[in-house]
2 protein chains.
Amino acid sequence: MSPRRVTLADVAKIAGVSPTTASLVLSGRGRELRISQDVEQRVLKAAAELQYRPNIVSVGLRTGTTRTIGFVSDTIATSRLAGDMIKGALEAARERGFMLFIGETEGDPELERLLLQAMHDRQVDGLILAAMYTRTIRVPKGMGAAPAVLLNALPKQRSPLPSVLPDEVEAGRRAARVLLDAGHREGIHLIGAGPGRRDLPRGGGVAAVERLIGIREVFGEAGVKVAGAHVCADWQPEYGLAATRALLEGGRPRALICFNDRVALGAYQALDDFGLKVPGDVSVVSFDDHPIAAWMRPKLTTVALPHYELGRKAVDVLFAEMGRDGDDAVGEGAAREGEVHRVPMPVRLRESVAAAAP
Amino acid sequence: MSPRRVTLADVAKIAGVSPTTASLVLSGRGRELRISQDVEQRVLKAAAELQYRPNIVSVGLRTGTTRTIGFVSDTIATSRLAGDMIKGALEAARERGFMLFIGETEGDPELERLLLQAMHDRQVDGLILAAMYTRTIRVPKGMGAAPAVLLNALPKQRSPLPSVLPDEVEAGRRAARVLLDAGHREGIHLIGAGPGRRDLPRGGGVAAVERLIGIREVFGEAGVKVAGAHVCADWQPEYGLAATRALLEGGRPRALICFNDRVALGAYQALDDFGLKVPGDVSVVSFDDHPIAAWMRPKLTTVALPHYELGRKAVDVLFAEMGRDGDDAVGEGAAREGEVHRVPMPVRLRESVAAAAP
DNA sequence: TCGGTTTGCTAAATCGGATTAGCAATGCGG
DNA sequence: CCGCATTGCTAATCCGATTTAGCAAACCGA
């Protein structure tokens, strides 16, 4: 049916040399092994004519390297953000000629085990273990068969795996500074978590804790006292709406820091219900830069989760890890164990923050 | 470092048999080739003890089948919907022990070529060519090396590849029926496309054409005349807002069919600007079931794009295709060439449609 | 002219399985 | 007791590359 793939043997035959020679030339080791210019040219020409491409499966068997990495995450379909993370990883991998296997565990450890097995069976060169919401995860056993990186996740127990995470503490600082820069010092409320360091939503991911730390730090240093805060059980619009409504029944805030954009959407709805204008009456800052943030009216100022960059960074770190796998030089290697890489979260200044009334 | 993988040879040695025998037993062909019960048990036991798993790379080299399929799409990060499509494909593949390579072309034919090459180099057993917005695509040359399926896309030229698409015409009918069922017969406006069969957004995908056909068909049969329609250059909130505002400046509609949820979001905003309530003053139906549809107030009634099912279906069709690849029995095979599979789009009845005023 | 290098290339082994061909031992009918 | 079929297993080859070991020819100095 379909014409058989061109193999190295075909190239060798056309060039009139042995497969060994052809391999040597094509892998660039021709020079060092003293293959003549003439033969080199013949092989190169034959390969070009036949459009030869090495069979990676074969190479994988012989050399153990498949130019493939496995991307295992708990969920992939949560939001466009998840897609961005994969996209970043995909592009970074492609730039190095690598392909990605994608797997989804749905948080099921058994599924995860199966998936990792399936990937090892296919001899992946490295693994990315990703979480779609920043959180701590239990690192499955049997890691170590291949280099691995945690993405958007921290190991629950001590682990030698490096991790890549958004810089949430700094994000918290930035959100707070956005309000300070606009002159807000009073009537600032938090929606989603706080005011105390321990006032967090149940099941709390890393984001709540760290954003809160950053916010408290900046306000603390500026001598600004947060007027109030509402924990939300879940960071969904309806909870943001309820929390904000509760707040409005008791008074008039001047500014809100919502812990994510979905909560902010709910807050917008509550403010609208009370006839309050954003940003004229109340300024709003948020986190995530979910697609809706740019669709809301007025457009929401938010500190963006850099999903794309996270994905890229994970691949970068993974390659570094793969590079030094046989590295017996302890000196540098050991020091880097379990390193945590933080990716900055940029502020998206839009329309939801106005200068404080004098 | 890491303990070497267990190979078939290891199992054979422990069981005290030849690799051949071990292979026979483990591939289930032991019976037919008269391997004794005793030996069979020894091999099985050894394999279990060592936790033997066949190296798929090796199998791939020998048999040509890698239990892997390639999923190539134009974009993966457009929305959560894209993720759902991948998720559906992923799960359907996993159920059969297959893994997915993911690739993104960004609409670049050169990138697509490279990607398909990379996948062929890894000997994928089949390919899914996906589009994130339903549209016609140019089928790249060199398909035919492996079975392939078009997902959410139709071939621009005649092609033997089967395709899997949402049933948009029926979706159009359903949206129209939702309004008819609520008693609406007058003041119905379309936002996004129409009223004529040719009044479509530029770059128009398949969705606009087919939804419009379905809508016109049902209204036509019911003897209902559409009161008006606005084409939107792009189906984004701001265009929906502008179109609806233009409409409202000229009169008072009773019901809107928006061509997708983002357009509907804009329409909501415009209605709000004019002090009109949904659904009290104006009913709204839409398409896609984008996540925001459930977040809007009131929650949006919409005809859902079944992304998850589309992904699954594509894999199902692909396996059917792979099953009959060597199939020389022309009779059935030839008849199915280029078959189009339609996946139903379910209506999500929510809060944005009310009974028409008597 | 002969032994030792250098040059330039190739045969053969290897990776981990699947598959084909075939071999030794046993059973059985005549 | 011989010939042939059946039973039960294994040796050898193959998939498509990489890599090690090594061979023949040319060259070089004594």
Side-chain angles (χ1 to χ4, degrees), chain A residues 2-44 46-47 50-68 97 120-123 125 145, chain B residues 3-44 46-47 50-68 120-123 125 145:
Chain A
S2 54
R4 198 179 43 78
R5 242 187 108 88
V6 174
T7 71
L8 185 62
D10 298 328
V11 174
K13 186 173 293 176
I14 297 287
V17 299
S18 72
T20 306
T21 305
S23 172
L24 256 24
V25 170
L26 292 174
S27 62
R29 307 206 310 142
R31 287 294 157 70
E32 96 192 51
L33 278 163
R34 310 169 305 224
I35 301 295
S36 68
Q37 298 280 326
D38 172 44
V39 166
E40 174 164 329
Q41 287 310 312
R42 290 213 314 272
V43 171
L44 256 23
L50 297 177
Q51 301 202 57
Y52 167 72
R53 319 201 80 230
N55 180 328
I56 296 194
V57 175
S58 171
V59 175
L61 180 57
R62 179 63 233 249
T63 68
T65 152
T66 52
R67 305 185 75 72
T68 295
H120 282 136
D121 292 350
R122 286 167 177 79
Q123 306 217 138
D125 297 324
Chain B
R4 198 180 44 78
R5 244 187 105 89
V6 174
T7 71
L8 185 63
D10 299 328
V11 174
K13 186 173 294 173
I14 298 286
V17 299
S18 73
T20 306
T21 306
S23 173
L24 256 24
V25 170
L26 293 174
S27 62
R29 306 207 308 142
R31 287 294 157 70
E32 94 191 58
L33 278 162
R34 309 170 304 223
I35 302 294
S36 66
Q37 298 280 327
D38 172 45
V39 167
E40 174 165 331
Q41 286 311 313
R42 291 215 314 273
V43 170
L44 258 21
L50 297 177
Q51 302 202 54
Y52 168 73
R53 319 201 79 231
N55 181 328
I56 297 195
V57 175
S58 168
V59 175
L61 181 57
R62 178 64 231 250
T63 67
T65 153
T66 51
R67 306 185 74 71
T68 296
H120 282 137
D121 292 349
R122 287 168 176 79
Q123 307 218 137
D125 296 324

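In what follows, chains are A, B, ... by sequence order, proteins preceding strands, each numbered from 1. What you see below is based on every heavy atom in this structure, not just the backbone, and it leaves out hydrogens, waters and symmetry mates.
You'll find that the side chain of A/S18 is closest to C/dA11, out of D/dT19, C/dA11, C/dT19. For B/V59, the side-chain atoms get nearest to C/dG17 when compared with the rest of D/dA17, C/dG17, C/dT10. With distances taken from any side-chain atom of A/T20 to the nucleotides D/dT19, C/dC9, C/dG17, the minimum falls on D/dT19. Out of D/dA17, C/dG17, C/dC9, the shortest distance to the side chain of B/S58 is found at C/dG17. When the nucleotides D/dG16, C/dG8, C/dA18 are ranked by their closest atom to the side chain of A/S36, C/dG8 comes out on top.
Among the atoms of the strands shown, none is found under 4.0 Å from any heavy atom of A/V57. Across all strands, B/T7 comes closer than 4.0 Å only to sugar-phosphate atoms, never to a base (heavy-atom distances). Within the 4.0 angstrom heavy-atom criterion, only backbone atoms of the sugar-phosphate kind lie near B/V6; the bases stay farther away.
Each of B/R53 and B/R29 lies near DNA chain C, and the nucleotide nearest B/R53 is the one positioned closer to the 5' end. Residue B/Q37 is the one, among B/Q37 and A/L33, whose nearest nucleotide of DNA chain D lies closer to the 5' end (criterion: closest heavy atom).
Atom CG in A/L61 sits roughly 17 Å away from atom P in C/dA13 (whole-Å rounding). The separation between A/D121 atom CG and C/dG17 atom P is 10 Å, rounded to whole Å. A straight line from CD of B/E32 to C1' of D/dC9 spans 15 Å, rounded to a whole angstrom. Atom P of nucleotide C/dG16 and atom CG of B/L26 are separated by 16 Å, given to the nearest angstrom. One atom, CG of B/L8, and another, C1' of C/dA18, lie 9 Å apart when rounded to the nearest Å. Per the geometry, CZ belonging to B/R31 stands 18 Å off C1' belonging to D/dT6, to the nearest Å. In this structure, A/L24 places its CG atom 12 Å from C1' of D/dA17, rounding to the nearest Å. Between A/R34 atom CZ and D/dA25 atom P the separation is 17 Å, expressed in whole Å.
No salt bridge links B/R67 with A/D121; every basic N to acidic carboxylate O contact stays at or beyond 4.0 Å.
B/S23 places no side-chain N or O within 3.5 Å of a backbone atom of B/P19 that could act as its donor or acceptor partner. Using modelled atom types, no side-chain atom of B/T66 and backbone atom of B/G60 make a donor-acceptor pair closer than 3.5 Å.
When all heavy atoms of B/L50 and B/I14 are compared, the closest pair comes out as CD1-CG1, 3.8 Å.
For the OP1/OP2 pair of C/dG16 and a distance below 4.0 Å, the side-chain nitrogens and oxygens of B/Y52 include no atom meeting the criterion. Phosphate contact (OP1/OP2 of D/dT10, side-chain N/O of B/T21, threshold under 4.0 Å): present.
Between the side chain of A/R62 and the base of D/dA17, no donor-acceptor pair of N or O atoms lies under 3.5 Å.
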- [ ] Test B/V17 against B/I35 for side chain to side chain contact (heavy atoms under 4.5 Å, CB included), laying out the working first.
- [x] CA-CA 11 Å; B/V17 299; B/I35 302 294; over 6 Å; no
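Applying salt bridge (charged side-chain N to carboxylate O under 4.0 Å, His left out) to A/D10 and the options A/R53, A/R4, A/R5 leaves one that passes, A/R4.
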